[in-house]
There are 2 protein chains.
Amino acid sequence: MFRLSKLSDYAVVVLSELGRTADGAVRNASGLATATGIAEPTVAKVLKLLASGGLVTSQRGAYGGYRLARPLSAIPIADVIAAIEGPIALTACVDGHVGSCEVECSCPVRGRWDPVNSAIRRALSEITLADMACPAWALPATARLAEPVV
Amino acid sequence: MFRLSKLSDYAVVVLSELGRTADGAVRNASGLATATGIAEPTVAKVLKLLASGGLVTSQRGAYGGYRLARPLSAIPIADVIAAIEGPIALTACVDGHVGSCEVECSCPVRGRWDPVNSAIRRALSEITLADMACPAWALPATARLAEPVV
DNA sequence: CGCAATCAGGACCAAGGCCGTCCTGATTGC
DNA sequence: GCAATCAGGACGGCCTTGGTCCTGATTGCG
């Protein structure tokens with residue numbers, strides 16, 4: 001099924017919400033949680049991962065919070081996935097664990113996933129968060145919460 | 001980590017091995033298992049999935065077996081993944097389960113993963129199993145088993 | 001200077017999916 | 001009729017993931 005982590009999905013939501021913030025202002029975790037409808041501890045976890053990945057910058061202390069390190073149009077989706085899930089690679093054979101593959105000797109595809117990996121990386125690098133934006137986000141968050149877009 | 005299923009990895013190995021078979025001949029599951037070094041029940045499972053996906057054709061009964069439905073150069077890696085893991089889609093929101101996302105109403109990215117999904121599908125459709133082939137496979141399987149290519 | 005708010009980092013547990021195996025039945029050649 | 005082989009599904013163990021919580025560090029305010 002090629003499933004993407006749920007955390008990455010949340011990360012896109014949170015980053016998009018952060019993109020709706022005025023320049024220079026910061027948003028704290030609980031505010032972002034209520035704005036997005038995601039549980040607060042989860043939002044906090046996502047924000048920490050994004051901060052350590054350099055996608056957002058944090059301001060500690062009272063009245064602290066987070067802000068985007070770059071505009072949404074400068075954040076390829078590949079960076080988000082890499083920040084949440086680690087390096088983008090399709091198979092377990094390439095993650096540096098030599099010897100972790102028990103059929104290593106006879107595995108004829110050893111290292112042959114590289115072109116596939118790079119193709120995926122390239123595809124994910126060409127799409128930015130701005131490309132995933134939606135015009136409806138110009139509305140205040142409360143309006144979106146009140147009227148489901150089903 | 002964007003992890004691909006191990007079964008898909010095995011599928012590529014098995015299909016590549018099948019590609020080394022003379023035209024018209026069939027290979028049974030146990031022979032493919034010894035040639036690839038993968039456990040036989042697992043190979044059988046992979047072959048069944050590939051057969052139902054139309055990538056290999058099966059011959060039942062005594063002296064039966066499997067053969068490729070198309071040459072390796074006509075099998076994009078996307079087909080292999082689709083046969084093993086189902087439709088290629090990154091997020092859980094797009095698999096037709098409306099209502100499965102508990103924050104559906106306020107999820108601003110709803111359906112916005114589509115461009116990402118199609119980009120990945122396109123990337124995976126442009127790489128065939130022949131592109132993942134390795135010259136060393138021209139050697140007999142026993143030679144590869146005897147001399148690890150580490 | 002003390003306090004409250006906020007982020008940083010990790011530990012922890014439950015749930016679900018995946019992997020590998022096995023069993024039974026259907027089909028085919030000898 | 002028998003043996004070989006594929007078809008399809010059931011099942012249990014292991015690992016990853018998701019979500020929560022706790023403790024400590026940092027910063028602004030009164």
What N/O pairs connect the protein and nucleotides 13-15 of chain C at under 3.5 Å? Give each pair on its own line.
none

Could you run through nucleotides 4-12 of chain C and give me one letter per nucleotide, 5' to 3': B if any protein heavy atom sits under 4.0 Å from the base, S if only the sugar-phosphate is that close, - if neither? -BBBBB---
Atom pair [atom1]/[atom2] of [X] and [Y] - distance to nearest 0.5 Å:
X	Y	atom1	atom2	answer
Asp79(A)	Arg70(A)	CG	CZ	5.0 Å
Met132(B)	Ile77(B)	CE	CD1	4.5 Å
Ile84(B)	Tyr10(B)	CD1	OH	12.0 Å
Ser58(B)	Asn28(B)	OG	CG	12.5 Å
Thr34(B)	Glu40(B)	OG1	CD	8.5 Å

Considering non-hydrogen atoms only, spot the tightest contact between [X] and [Y] and give its length.
X	Y	answer
Arg27(A)	Leu18(A)	CG-CD2, 3.7 Å
Ala69(A)	Thr57(A)	CB-CG2, 4.0 Å
Gly53(A)	Ala83(A)	CA-CB, 4.2 Å
Glu126(A)	Asp131(A)	O-OD2, 3.9 Å

Spacing between [X] atom [atom1] and [N] atom [atom2], to the nearest angstrom:
X	N	atom1	atom2	result
Tyr10(A)	dG18(D)	OH	P	8 Å
Leu7(A)	dG19(D)	CG	C1'	9 Å
Leu49(A)	dT20(D)	CG	C1'	15 Å

If hydrophobic clusters are built from ILVMFWY residues whose side chains come within less than 4.5 Å, do Ile127(B) and Val12(B) share one? yes
Quick one: are Asp9(A) and Trp113(B) in side-chain contact, heavy atoms under 4.5 Å? yes
Under 4.0 Å, heavy atoms only, any strand: does Ala39(A) hit a base, just the sugar-phosphate, or nothing? sugar-phosphate
Quick check on the helix from dC1(C)-dG30(D) to dC30(C)-dG1(D): what's the angle between its two end axes, five base pairs per end, to the nearest 10°? 10°
Can you find a side chain N or O atom of Thr42(A) that sits less than 4.0 Å from OP1 or OP2 on dG18(D)? no
